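The structure appears below as structure tokens.
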Amino acid sequence: MFLRSLGGIAIVLIIGTLLASCIPGLPSLGGGDEASGTLVYSGPTEVRLTPGETLLPTDIVFLGAEGNRGRFIIGDLKATRQIGDSLDWDGEPLPGVNLQLRLRVLWFKGGNVQLGGTVRVEVSDVQPSPDGVDPNATVTYGVPVSYRVPVNQPIPGTTWKYVGPTDRGAELSGMDEYPYRKLADSILWEGRLRPDVGLTLNVRVVRFDERALRVAGLATIALVVPGAGAGSP
């Protein structure tokens, strides 16, 4: 299965987020409350399936297409979908991980189907660790994020905290590398939210001052779902 974020839409969202992040008072993109142990990641996604392939990690199976009609199995029931029709799924692929897929059929080509829409991943009992993303991750989703990080608070999903502004740039603690970042510099984190949920956070510094650090970029969530084949962003 070929699973990735919608490139063009994601780029537009990131640019919009970067611009919006410069305006004080605007909310962050990427919800949840890490203090309560929950983080939410949502954004655009697209999927391409070949005949006989399962939409991981759901129970939706694409059987094949004839013209502008596709044949699927949804919850053990046969279903016909045309261009523009919906394919939604809600479930818990892992304990404590709630997933929502809101997809539409975009087109059929060469017997394959292209789906596009949005994904929402809610992860509870978040305990960030720098152990690195599990190479056995079977399903991944990439979504845009933007965070306002107050002084002495961690960047959501990581163990790195914002210390404050310095002459060298924004200072971060908890790193085993150069801890300073200037405007537009990147911050790359690869770790785990839980043992079965990985996070690759690739953001850039939008602004920082004595009160907070603002960053924006992409978060890639990697799920280790038993029995599922590999999917990539």
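Every heavy atom of this structure was used, including side-chain atoms; hydrogens, water molecules and symmetry mates were not. Bear in mind the structure is a predicted one, so any value in this text is a computation, not a measurement.
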Is there side-chain contact between [X] and [Y], with at least one heavy-atom pair below 4.5 Å?
X	Y	result
Ile187	Trp189	no
Lys109	Arg48	no
Leu87	Ile74	yes
Thr158	Pro128	no
Pro57	Leu99	yes
Glu46	Gln114	yes

Over all heavy atoms of both residues, which pair between [X] and [Y] is shortest? Give the atoms and the distance, please.
X	Y	answer
Leu94	Val224	CD2-O, 3.2 Å
Glu92	Gly96	OE2-N, 3.4 Å
Phe72	Ile60	CD2-CG2, 4.1 Å
Val203	Gly217	CG1-N, 3.8 Å
Tyr162	Ala170	CE1-CB, 3.7 Å
Ala219	Leu199	CB-CD1, 4.0 Å

Step by step, would you call Asn68 with Gln82 a side-chain contact (heavy atoms from CB on, under 4.5 Å)?
CA-CA 6 Å; Asn68 290 326; Gln82 301 185 78; 5.5 Å; no
Is it the case that the side chain of [X] and the backbone of [Y] share a donor-acceptor pair, with hydrogens and angles ignored and the cut-off at 3.5 Å?
X	Y	result
Ser86	Asp88	no
Arg104	Gly116	no
Arg168	Pro179	no
Arg192	Gly132	yes
Thr138	Leu223	yes
Arg181	Ser186	yes

May I ask whether [X] and [Y] are part of the same hydrophobic cluster, defined by side-chain heavy atoms of I, L, V, M, F, W, Y residues being less than 4.5 angstrom apart, directly or through others?
X	Y	value
Val133	Ile155	no
Leu56	Val61	no
Phe208	Val151	yes
Ile83	Leu103	yes
Val225	Tyr141	yes

CG/Asp134 to CZ/Arg194 distance, rounded to the nearest 0.5 angstrom?
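Answer for the CG-CZ pair, Asp134 versus Arg194, is 13.5 Å.
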Would you give the length of the straight line joining atom CD of Gln153 to atom NZ of Lys161, rounded to the nearest 0.5 angstrom?
6.5 Å
Take Leu55 and Trp89 through the test side-chain contact (heavy atoms from CB on, under 4.5 Å) and record every step on the way to the result.
CA-CA 10 Å; Leu55 174 61; Trp89 191 84; 5.8 Å; no
Quick one: sort the Phe62 and Phe108 rings into parallel, tilted or perpendicular, breaks at 30° and 60°.
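Ring orientation, 0 to 90° scale: parallel.
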Donor on one side chain, acceptor on other, Gln127 and Asp125, under 3.5 Å:
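Short answer, yes.
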